[in-house]
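These notes are about the structure you will find just below.
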Amino acid sequence: MAATVRRQRPRRLPCWALVAVLLADLLALSDTLAVMSVDLGSESMKVAIVKPGVPMEIVLNKESRRKTPVTVTLKENERFLGDSAAGMAIKNPKATLRYFQHLLGKQADNPHVALYRDRFPEHELNIDPQRQTVRFQISPELQFSPEEVLGMVLNYSRSLAEDFAEQPIKDAVITVPAFFNQAERRAVLQAARMAGLKVLQLINDNTATALSYGVFRRKDINSTAQNVMFYDMGSGSTVCTIVTYQTVKTKEAGMQPQLQIRGVGFDRTLGGLEMELRLREHLARLFNEQRKGQKAKDVRENPRAMAKLLREANRLKTVLSANADHMAQIEGLMDDVDFKAKVTRVEFEELCADLFERVPGPVQQALQSAEMSLDEIEQVILVGGATRVPKVQEVLLKAVGKEELGKNINADEAAAMGAVYQAAALSKAFKVKPFVVRDAVIYPILVEFTREVEEEPGVRSLKHNKRVLFSRMGPYPQRKVITFNRYSHDFNFHINYGDLGFLGPEDLRVFGSQNLTTVKLKGVGESFKKYPDYESKGIKAHFNLDESGVLSLDRVESVFETLVEDNPEEESTLTKLGNTISSLFGGGTSSDAKENGTDAVQEEEESPTEGSKEEPGEQTELKEETEAPAEDTSQPPPPEPKGAAAPEGEKPDDKGSSDKSEAQPEEKGQSGPEGVPPAPEEEKKQKPARKQKMVEEIGVELAVLDLPDLPEDELARSVQKLEDLTLRDLAKQEREKAANSLEAFIFETQDKLYQPEYQEVSTEEQREEISGKLSAASAWLEDEGFGATTVMLKEKLTELRKLCQGLFFRVEERRKWPERLSALDNLLNHSSIFLKGARLLPEMDQIFTEVEMTTLEKVINDTWAWKNATLAEQAKLPATEKPVLLSKDIEAKMMALDREVQYLLNKAKFTKPRPRPKDKNGTRTEPPLNASAGDQGEKVIPPAGQTEEAKPILEPDKEETAAEPADSEPLELGGPGAESEQKEQTAGQKRPLKNDEL
């Protein structure tokens with residue numbers, strides 16, 4: 001049998017190897033078990049983490065606050081972040097950067113750049129000559145781009161999360177406004193790269209909020225669609241979103257809840273910041289009026305005073321949300337002059353009257369994009385800090401026509417919680433309940449190209465064609481393919497934004513360039529020369545709009561096909577094998593990736609329409625990317641219904657049959673017999689022929705038109721710049737820690753020298769020497785400590801600790817003596833009692849050997865002797881000398897004694913009792929004198945006519961059965977030791993009750 005096992009083991013090795021690989025993968029994930037999310041707001045950010053044992057928790061910063069200001073202070077030799085930087089905004093407003101996200105992805109001529117200069121004139125912005133973007137110039141040597149500043153904030157958020165999680169974190173989901181375009185999203189991704197973060201997804205903050213709302217109300221979601229409107233007014237902008245919740249059937253997990261973004265409306269500049277700026281301007285005007293006769297300077301020209309006014313305006317806005325009026329007061333606003341003025345809520349509402357008129361705007365935009373009415377909205381939920389302003393709620397309630405506004409969500413933390421749930425879903429380290437998310441494209445994207453057409457015989461002209469790649473409010477992530485059929489040489493095409501008519505004139509100016517990329521293809525002609533005998537199936541461009549909403553061109557291929565003859569049986573076998581492999585490995589996303597977060601990625605293709613007689617710009621139909629000719633079939637992809645018209649002679653394939661839809665339009669443009677059903681004889685002849693597909697990669701040269709990305713060398717320099725700043729901050733923190741430790745040690749030791757327990761173990765000369773060294777170190781720290789390095793501070797602290805080491809040791813030993821000696825005495829007493837009891841055991845029951853008991857006795861005696869001798873020797877020594885009675889020696893003696901006792905206790909615990917010997921007649925020793933007659937004959941079944949005094953035995957059926965073995969041995973029933981012998985013979989059976997026990 002052993003040989004059989006050895007023969008089977010090699011066959012099991014692959015399974016164990018697979019388990020080993022899986023375990024290795026799990027170990028590789030051990031350093032990335034925690035994931036984080038960053039809800040990046042204009043004014044503040046919220047950070048959340050998920051780690052084993054900590055599901056979805058908001059991170060507390062160093063000040064134990066749940067939200068952290070998005071503020072950075074940059075000086076020549078130091079940097080402040082978060083609350084520390086917010087505190088520096090008053091002292092050094094020029095070096096304190098806030099609301100810089102408004103500059104991401106925007107060139108210098110953007111209206112938002114001019115608006116930022118107007119709001120914060122203390123900042124100096126210069127132009128990057130390469131990208132035409134702006135940079136903050138703190139000093140001639142210090143210049144930072146908005147991406148670099150954001151990278152600092154993201155790196156700081158990661159440090160907060162790592163301190164809270166107590167482990168390193170690299171994976172993150174970052175929230176961005178839904179209205180961010182391609183350039184702005186790429187800028188955030190570049191900032192994350194500078195911070196060393198691996199971005200799992202850029203999730204729209206409105207989508208994150210909707211996900212958080214749905215996750216905590218999963219039980220309320222059913223097959224009936226529920227339309228909910230989220231109105232999010234933050235510090236910098238306002239976004240209104242219409243979300244539909246319902247359960248849908250998924251391939252991987254059955255019926256699961258889903259949220260679908262149906263409509264989005266926004267206002268880029270409507271928020272709490274604009275209200276605070278209006279209040280700041282009002283307070284500045286009041287202060288100038290108070291000093292009108294004094295010929296003083298305008299307070300607006302003083303950056304520090306304006307920073308104080310902005311902080312007071314923020315406080316006023318919050319207080320006036322709950323009170324009708326409040327007194328604004330600032331001590332020493334400018335030129336040591338205090339400011340005090342009363343502001344009412346009515347005045348505040350008059351200052352922001354035009355802002356409140358813009359509140360319904362995003363609601364109307366969202367309804368138009370969703371093609372819905374207010375009657376279809378079941379609930380309107382408020383999100384964002386600025387929605388706490390009473391006038392905002394009043395105007396919004398009137399605009400939506402509801403009885404009340406929903407406030408059953410955490411307006412500040414909902415987006416962070418939704419984003420961290422998505423982070424856990426995307427991470428490989430966690431398994432969460434699936435929640436399907438279908439986000440929507442805000443800005444449509446199309447492909448434009450020009451080609452020659454022959455409208456009349458001999459007359460050729462150029463025609464401009466447009467193909468909608470990703471339509472407005474279409475779902476993403478999504479992959480699509482567009483096919484160019486009439487090109488046999490190198491050509492160019494353009495990727496641009498589609499119809500942006502839903503944006504106003506001002507929003508269009510802020511939006512920036514509507515042209516994204518020009519794509520130049522190289523190698524098309526060479527591919528045709530390489531396969532002259534093959535039939536061209538067009539040039540296919542593969543596009544990907546990923547989970548972050550960022551568009552990319554994956555690859556461009558030139559596809560050719562030809563008919564080859566093959567053995568029918570061989571072809572059938574290969575086809576089956578190919579189908580099996582396709583079913584196993586085809587399909588794009590894995591079930592784990594698709595189970596939560598986003599809907600299945602749909603890979604679509606635009607049908608070739610160049611050969612159509614209709615207008616090419618209109619006769620389009622998008623289809624699946626996972627195309628396969630009829631002879632090389634794979635799994636049919638999911639359906640993608642589109643509203644565009646089909647090419648001539650082609651019907652839209654609603655079922656998603658890839659083979660039919662791919663063959664029909666391309667055969668329409670090519671003359672061939674494939675479109676005619678063959679005769680039965682011809683079909684037999686054509687069966688052995690199959691199509692062979694050849695794919696040639698085409699070179700791609702991209703010219704970014706909206707905003708060029710940072711070159712790799714520039715990005716590397718930015719990463720290095722941020723790393724240097726981080727190392728400098730860490731070195732600064734280390735030096736401050738060393739200086740604080742040295743200073744604390746000096747003060748604590750000087751105080752200890754006057755305490756009785758320290759004076760008792762030290763001489764006057766010793767204390768004077770220590771005190772003198774401490775005073776000298778304190779003077780050195782005050783005079784030269786500011787210029788001392790971390791190494792010098794640590795060396796000074798080490799020197800002082802070495803000087804005081806003997807004093808502290810003597811005090812510490814004397815503190816430990818009472819407790820240690822008491823524990824030793826208790827152990828000695830218990831050990832002696834245990835030894836005495838062991839020696840009293842009868843010889844028959846003795847389980848310890850004489851050697852074991854002698855060894856324990858020797859250890860006890862030696863310990864007593866050591867204790868008495870050491871105490872006597874210690875009593876002779878003065879308290880100022882090094883003690884001979886040491887706590888570590890006491891602990892060693894206790895461990896040695898305890899080890900001997902535990903050995904004997906464990907032996908007694910696991911030793912079985914010895915069986916008692918029998919006498920010559922086969923019976924055991926005499927029973928005790930007090931044993932009753934009933935003890936000797938308890939197993940005898942009583943006769944039928946027993947007396948009234950003998951009560952019936954419980955459970956008679958079982959007892960009779962148990963008594964049967966006793967009847968078979970009558971010699972032992974009445975003899976001595978019958979009870980113990982009967983217990984051995986009927987082990988495990990219930991003992992019947994005896995008469996004297998009844």
Side-chain angles (χ1 to χ4, degrees), residues 62 78 729-829 862-898:
K62 297 177 180 178
E78 54 187 348
D729 292 345
L730 292 176
K732 178 186 174 186
Q733 294 174 7
E734 187 70 18
R735 186 199 172 281
E736 291 176 350
K737 183 178 179 181
N740 292 336
S741 299
L742 177 60
E743 188 176 11
F745 182 83
I746 293 173
F747 291 150
E748 290 176 2
T749 308
Q750 286 177 338
D751 180 64
K752 289 176 181 178
L753 292 178
Y754 297 97
Q755 295 178 7
E757 59 178 349
Y758 287 87
Q759 292 182 344
E760 181 183 355
V761 297
S762 61
T763 62
E764 186 68 27
E765 293 79 8
Q766 291 173 343
R767 290 195 297 272
E768 288 181 357
E769 180 186 2
I770 294 175
S771 179
K773 294 283 187 179
L774 292 175
S775 300
S778 178
W780 175 84
L781 189 62
E782 291 180 0
D783 298 338
E784 305 177 16
F786 294 102
T789 62
T790 306
V791 176
M792 296 171 62
L793 293 170
K794 288 184 176 181
E795 289 177 351
K796 183 69 69 172
L797 178 61
T798 303
E799 179 185 348
L800 294 178
R801 281 178 174 170
K802 186 176 181 180
L803 177 66
C804 304
Q805 183 178 3
L807 174 62
F808 292 162
F809 177 76
R810 294 193 293 273
V811 172
E812 188 67 23
E813 286 296 321
R814 288 182 173 271
R815 287 176 180 173
K816 293 179 180 178
W817 282 351
E819 181 184 354
R820 297 291 192 278
L821 290 173
S822 176
L824 180 61
D825 290 340
N826 289 333
L827 183 58
L828 284 170
N829 292 332
D862 291 347
T863 305
W864 276 113
W866 174 85
K867 176 194 170 187
N868 296 332
T870 307
L871 285 176
E873 185 179 357
Q874 179 63 44
K876 297 177 183 178
L877 289 177
T880 58
E881 296 293 333
K882 181 180 178 179
V884 294
L885 179 62
L886 303 179
S887 58
K888 65 177 183 179
D889 294 341
I890 300 176
E891 292 173 357
K893 293 293 182 180
M894 291 174 63
M895 289 178 63
L897 179 57
D898 185 67

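These values consider heavy atoms only, across backbone and side chains, with no hydrogens, waters or symmetry-generated copies. The residues of the chain are indexed from 1 along the displayed sequence.
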Hey, does [Y] have a side-chain heavy atom less than 4.5 Å from the side chain of [X]?
X: R767; Y: L807; result: no
X: F809; Y: V761; result: no
X: E812; Y: K816; result: yes
X: E757; Y: R815; result: yes

Does any N or O in the side chain of [X] come within less than 3.5 Å of the main-chain N or O of [Y], such that one atom is a donor and the other an acceptor?
X: N868; Y: W864; answer: yes
X: D751; Y: F747; answer: no
X: S778; Y: L774; answer: no
X: S822; Y: P818; answer: no
X: Q766; Y: T763; answer: yes

task = Begin from the C-alpha positions of R820 and S887 and carry the test side-chain hydrogen bond (donor to acceptor under 3.5 Å, both in side chains) through to its verdict.
result = CA-CA 7 Å; R820 297 291 192 278; S887 58; 5.1 Å; no

task = Considering only NZ, NE, NH1 and NH2 on the basic side and carboxylate oxygens on the acidic side, decide whether E873 and K876 come within less than 4.0 Å.
result = no

Any chance you could measure [X], atom [atom1], to [Y], atom [atom2], to the nearest 0.5 Å?
X: Q750; Y: I746; atom1: CD; atom2: CD1; result: 7.0 Å
X: L828; Y: K867; atom1: CG; atom2: NZ; result: 7.0 Å
X: K796; Y: S741; atom1: NZ; atom2: OG; result: 15.5 Å
X: Y758; Y: C804; atom1: OH; atom2: SG; result: 9.5 Å
X: R801; Y: K794; atom1: CZ; atom2: NZ; result: 11.0 Å
X: L871; Y: W866; atom1: CG; atom2: CH2; result: 7.5 Å

request  = State whether a side-chain donor-acceptor pair under 3.5 Å links D729 with Q733.
outcome  = no

ask   = If you draw a 6.0 Å radius around NZ in K882, do more than 12 non-hydrogen atoms from other residues or ligands fall strictly inside?
value = no

ask   = So does Q759 have more than 12 non-hydrogen atoms from other groups sitting under 6.0 Å from CD?
value = yes

Distance-minimising heavy-atom pair for [X] and [Y]:
X: K893; Y: T863; result: CB-CG2, 4.3 Å
X: A879; Y: R810; result: O-CD, 3.6 Å
X: M894; Y: L824; result: CG-CD1, 3.5 Å
X: L742; Y: L793; result: CD2-CD2, 4.0 Å
X: E813; Y: L885; result: OE1-O, 3.9 Å
X: F786; Y: R735; result: O-NH2, 3.2 Å

task = Report yes or no: is the cationic atom of K752 (NZ for Lys, CZ for Arg) under 6.0 Å from the centre of the six-membered ring of F808, at an angle within 45° of the ring normal?
result = yes

